[in-house]
Amino acid sequence: MPEVVLIIIFGLRVVFFTLGDGLFHCPNCGGDRQYHKRSGRRFFTLFFIPVIPLNKVGEFVECSVCHSRYNLAVLQVPTVAQLTAMPAVVLRTAISQVLRSGDVTHLGARERALMVVRNAGDQGYDDDALDRDLVRPFEEVRIELARASSALAPEARENFFAEAVRIALIDGPLTESERETLLVVGADLNLTRVQVSGVIALVEQETAR
């Protein structure tokens with residue numbers, strides 16, 4: 001009777017799992033592309049079949065077009081769509097903070113707020129959207145403002161801050177509460193204390209004429 005020899009083939013293999021997807025700016029493609037967020041895990045294999053999960057080998061982002069792989073930090077780079085919406089996002093968050101520190105029912109201030117945000121590109125911004133912004137948690141708004149403004153040029157941040165000051169002045173001279181809020185908004189816009197004071201002074205002079 002012939003002798004039967006059993007050969008056992010084993011080894012290691014990395015298996016990748018897709019955790020999610022979305023839109024990102026691919027550095028290799030140079031534009032907005034769909035991505036897959038993936039995670040790898042090393043497995044012990046038996047006859048080339050993964051059978052025992054071992055250690056994880058990390059997460060990464062893979063472009064669905066060029067298949068380049070990147071560190072998760074690449075998702076922090078704004079997409080073209082996000083950059084286009086950035087001015088309106090910054091104005092919405094800055095204005096909502098200022099309005100809630102004054103008279104949120106003042107018709108002139110609300111109308112100016114709506115006009116400024118619409119002119120920045122958010123044509124659908126209305127009273128209901130403004131009211132929703134006004135009741136958002138303060139810290140959540142601050143985080144969004146700081147994140148959005150980081151992609152803007154210093155001149156743009158000063159201009160947006162000036163618009164917030166103009167809206168705060170519509171219902172009369174700045175109150176102590178409004179001044180304190182403007183200092184916070186200026187800091188979140190990454191403006192220096194000197195810049196903040198200078199813009200407030202210029203807009204107050206402009207309004208007094």
Side-chain angles (χ1 to χ4, degrees), residues 20 22-25 32 72-204 207:
L23 189 71
F24 85 128
H25 182 82
D32 292 354
L72 296 182
V74 75
L75 297 180
Q76 300 302 315
V77 178
T79 64
V80 172
Q82 289 171 330
L83 286 173
T84 301
M86 209 70 78
V89 171
V90 171
L91 284 167
R92 285 181 64 164
T93 51
I95 288 169
S96 65
Q97 289 189 70
V98 173
L99 275 180
R100 74 170 96 188
S101 66
D103 183 2
V104 298
T105 64
H106 192 281
L107 185 59
R110 291 178 65 91
E111 288 180 345
R112 174 79 182 192
L114 296 178
M115 180 194 73
V116 167
V117 175
R118 287 169 183 166
N119 288 344
D122 190 347
Q123 299 298 325
Y125 197 61
D126 56 16
D127 276 302
D128 289 338
L130 176 57
D131 286 334
R132 288 194 295 272
D133 284 344
L134 290 171
V135 297
R136 290 179 61 193
F138 190 64
E139 286 305 315
E140 177 185 300
V141 174
R142 290 195 62 191
I143 292 171
E144 183 175 356
L145 176 58
R147 182 186 299 123
S149 65
S150 65
L152 299 177
E155 296 81 3
R157 297 199 299 270
E158 282 194 11
N159 290 337
F160 294 163
F161 181 70
E163 286 293 353
V165 177
R166 291 187 186 99
I167 290 171
L169 285 165
I170 288 177
D171 63 353
L174 296 178
T175 64
E176 191 62 33
S177 175
E178 287 172 328
R179 286 187 182 277
E180 290 178 359
T181 300
L182 286 170
L183 288 176
V184 173
V185 170
D188 291 339
L189 285 169
N190 201 27
L191 300 176
T192 66
R193 193 69 173 257
V194 173
Q195 287 176 296
V196 169
S197 299
V199 172
I200 291 175
L202 285 173
V203 176
E204 285 180 321
T207 305

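Reckoned from all heavy atoms, side chains included, excluding hydrogens, waters and symmetry mates.
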K.L.:
So do His25 and Val74 actually touch side chain to side chain, heavy atoms under 4.5 Å?
P.N.:
no
K.L.:
Are the side chains of Leu174 and Glu204 in contact, using a 4.5 Å heavy-atom criterion?
P.N.:
yes
K.L.:
With a 4.5 Å limit on heavy-atom distance, are the side chains of Arg179 and Ile200 in contact?
P.N.:
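Heavy-atom side-chain distance check passes, below 4.5 Å.
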K.L.:
Just verifying a value: how many Å separate Leu134 CG and Ile95 CD1, rounded to the nearest 0.5 Å?
P.N.:
10.5 Å
K.L.:
For a 4.5 angstrom cut-off between non-hydrogen side-chain atoms, does Val90 reach Leu189?
P.N.:
yes
K.L.:
Taking Asp188 first and then Arg157, would you say they form a salt bridge - that is, a charged N and a carboxylate O separated by under 4.0 Å?
P.N.:
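Here Asp188 does not pair with Arg157 in a salt bridge, since their nearest N and O are not under 4.0 Å apart.
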K.L.:
If you look at every heavy atom in Leu99 and Ala109, which pair is closest and at what distance?
P.N.:
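Closest approach of Leu99 to Ala109: CD2-CB, 3.8 Å.
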K.L.:
Take Arg132 and Arg136, measure what side-chain contact (heavy atoms from CB on, under 4.5 Å) needs, and give me the verdict at the end.
P.N.:
CA-CA 7 Å; Arg132 288 194 295 272; Arg136 290 179 61 193; 5.8 Å; no
K.L.:
With rounding to the nearest 0.5 Å, note down the distance linking CG in Leu191 to CZ in Phe160.
P.N.:
11.5 Å
K.L.:
Restricting to non-hydrogen atoms, name the atom on Gln195 and the atom on Asn190 that form the minimum distance, rounded to 0.1 Å.
P.N.:
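That closest heavy-atom pairing would be OE1-O, 4.4 Å.
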K.L.:
Report yes if some heavy atom in the side chain of Arg100 is under 4.5 Å from a heavy atom in the side chain of Val141; otherwise report no.
P.N.:
yes
K.L.:
Can you confirm whether Phe161 sits close enough to Leu182 that some side-chain heavy atom of one is under 4.5 Å from a side-chain heavy atom of the other?
P.N.:
yes
K.L.:
Would you name the heavy atoms of Ile167 and Ala113 that are closest together and state the gap between them?
P.N.:
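The pair with the smallest heavy-atom distance is CD1-CA, 3.7 Å.
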K.L.:
Tell me which one of Val185, Thr93, Val184 satisfies side-chain contact (heavy atoms from CB on, under 4.5 Å) with Arg142.
P.N.:
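Exactly one candidate clears the test, Val184.
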K.L.:
I need the minimum non-hydrogen distance between Thr105 and Asp103, along with the two atoms involved.
P.N.:
OG1-OD1, 2.6 Å
K.L.:
Measure the NE2-CD1 distance between His106 and Ile170 for me, rounded to the nearest 0.5 Å.
P.N.:
7.5 Å
K.L.:
Hey, could you give me the CG/CE distance between Leu152 and Met86, rounded to the nearest 0.5 Å?
P.N.:
6.5 Å
K.L.:
Restricting to non-hydrogen atoms, name the atom on Ser177 and the atom on Ser101 that form the minimum distance, rounded to 0.1 Å.
P.N.:
OG-O, 3.4 Å
K.L.:
Please tell me if the side chains of Tyr125 and Asp133 come closer than 4.5 Å, counting only heavy atoms from C-beta onward.
P.N.:
yes
K.L.:
Which atom names give the shortest non-hydrogen contact between Val98 and Ala168, and what distance separates them?
P.N.:
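Nearest pair, atom of Val98 first, then Ala168: CG1-CB, 3.3 Å.
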K.L.:
Is Glu163 salt-bridged to Arg166, cutoff N-O under 4.0 Å?
P.N.:
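Salt bridge: yes.
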K.L.:
Do Leu169 and Glu178 make a side-chain contact, defined as non-hydrogen atoms from C-beta onward lying under 4.5 Å apart?
P.N.:
no
K.L.:
How many angstroms lie between OG in Ser96 and CG in Leu91, if you round to the nearest 0.5 Å?
P.N.:
10.5 Å
